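Note sheet for the following structure.
In listed order, ligands and their atoms are each counted from 1. None of these values were measured; they are calculated from a predicted model. Along the sequence shown, residues are numbered consecutively beginning with 1.
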Amino acid sequence: KSIGTGYASGKIILMGEHSVVYGEPAIAFPFSGTGIQATIRANKLESWIESSFFHGPLSKAPNTMRNVTILLWQLVKYFKIPEPFYLKIESSIPAERGMGSSAAVAVAITRAVFDWMEEPMTQKKVLHFVNQAETVAHGNPSGIDATTISGTEPILYQKGIGFQSFQLNMDAFLVVADTGIKGQTRKAVRDIAQLMELRPYETNKQMQTLGKLTTQAQQAVLQNQPHILGDCMNQAQGLLRLLGTSNRQLDHLIETALENQALGAKLTGGGRGGCMIALAEDETSGRRLQQILLDAGARNTWIEGLGVYAHV
Ligand code: PMV
């Protein structure tokens with residue numbers, strides 16, 4: 001095949017970020033509002049990367065792209081890819097905002113290479129490559145981003161155990177708002193690991209409570225109880241703030257959403273910047289909330305029906 005293409009969407013963690021690193025369950029789904037397209041083909045002179053954050057020879061890719069270069073190296077070795085190649089990455093996922101851009105870029109590239117090499121793809125095979133890239137990007141990833149993004153359905157994920165797909169079946173809408181500030185997943189995860197050493201009893205208790213809230217939230221989603229889900233989100237945000245993963249801009253957007261009829265609101269992903277999510281009762285109030293959050297300083301907003309996966 002002369003050209004290989006691969007696409008991957010972003011992801012949203014509804015509940016369970018950070019506690020998922022400690023073995024608690026988390027809920028996440030592929031987020032169709034954003035995505036990454038990768039295209040790969042042979043090149044004449046040298047291997048080349050074309051993307052919005054770097055374009056130039058692969059050999060000169062910056063250290064921040066180590067996850068991509070290591071992934072490509074693995075794929076070259078595995079498939080005996082003929083070098084040089086030209087790789088184009090087009091992304092509408094804001095980087096480092098808790099939407100899983102690093103996992104998505106890895107999934108999109110891996111899918112493009114499988115397509116180019118005409119190799120049948122399974123989620124397991126894709127994950128084999130993506131998990132390695134994520135370890136480079138994140139240090140100690142729980143695996144939730146890679147698993148969510150390489151699949152097609154919402155999942156309940158537990159580190160070391162695996163995942164269970166389920167369908168979102170709720171008459172409610174989720175508004176996602178970007179603070180415009182880069183999140184600091186790696187640092188937030190490291191700081192929590194330190195808290196765990198300093199105050200193991202208290203921190204473990206907080207993780208377990210976050211896990212219980214995730215389980216309650218999943219029940220609420222399955223039973224179409226938006227008010228209960230909203231309540232779980234608010235309680236989770238309280239704990240995430242205590243753990244030091246929120247920040248002023250996230251708190252401001254979350255308070256604004258709650259003052260404007262959101263049923264619940266919290267950060268999503270690694271935190272310390274990045275995105276927040278707010279639960280709206282219907283599409284009209286969700287769209288209203290989007291405008292209010294933009295007026296309150298959000299860089300961008302998206303809206304997603306929580307029933308979109310139902311009965312498909
Ligand atoms: O910030 P993101 O999109 O990479 O999400 C990170 C989720 C964490 O639970 C904070 C870390 C992890 O590895 O699960």
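With hydrogens and angles left out, the side-chain atoms of S102 and E134 include a donor and acceptor closer than 3.5 Å. In this model, a donor atom of one side chain and an acceptor atom of the other lie less than 3.5 Å apart for Q291 and D295. Using a 3.5 Å distance cut-off with no hydrogens or angles, the side chains of W48 and E50 do pair a donor with an acceptor.
Clustering ILVMFWY residues whenever any of their side-chain heavy atoms sit less than 4.5 angstrom apart, transitively, puts Y86 in a cluster other than the one holding I89.
The salt bridge (Lys or Arg N to Asp or Glu O under 4.0 Å) contacts involving residues 161-170 comprise nothing, where partners must be two or more places apart or lie in separate chains.
The protein heavy atom nearest to atom 7 (C) of ligand 1 is I13 CD1, 3.7 Å. Counting protein heavy atoms only, atom 5 (O) of ligand 1 is closest to K11 NZ, 3.4 Å.
Note on K187 versus D191: salt bridge recorded, some NZ/NE/NH1/NH2 to OD/OE distance being below 4.0 Å. Between D178 and R299 there is no salt bridge, since no side-chain nitrogen of the basic residue lies less than 4.0 Å from a carboxylate oxygen of the acidic one.
For ligand 1 and E17, the ligand atoms under 4.0 Å from any heavy atom of the residue are 9 (O). Interface atoms of ligand 1 facing V20, defined by a heavy-atom separation under 4.0 Å, are 9 (O), 14 (O). The contact set between ligand 1 and T185, taken as ligand atoms under 4.0 Å from a residue heavy atom, comprises 1 (O), 2 (P), 4 (O), 6 (C). Each of the atoms 12 (C), 13 (O), 14 (O) of ligand 1 lies under 4.0 Å from some heavy atom of S142. For ligand 1, the atoms lying closer than 4.0 Å to a non-hydrogen atom of P141 are 13 (O). Set against the non-hydrogen atoms of H18, the atoms of ligand 1 under 4.0 Å away are 8 (C), 9 (O), 10 (C).
On a distance-only criterion, G98 and ligand 1 share at least one N/O pair closer than 3.5 Å. Where the criterion is an N or O separation shorter than 3.5 Å, residue side chain and backbone included, G270 meets it with respect to ligand 1.
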Residues 62-73, side-chain donor-acceptor partners within the protein, below 3.5 Å, at least two apart:
| residue | atom | partner | partner atom | Å |
| --- | --- | --- | --- | --- |
| T69 | OG1 | M65 | O | 3.3 |
| T69 | OG1 | R66 | O | 3.1 |

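Put simply, part of G100 is less than 4.0 Å from ligand 1, judged by heavy atoms. The shortest heavy-atom distance from R97 to ligand 1 is not under 4.0 Å.
At a heavy-atom distance under 4.0 Å, only backbone atoms of M99 (N, CA, C or O) approach ligand 1.
The closest heavy-atom contact to atom 11 (C) of ligand 1, among the options I192, V21, I144, comes from V21.
Closest non-hydrogen pair, S150 versus V126, comes out as CB-CG1, 4.3 Å.
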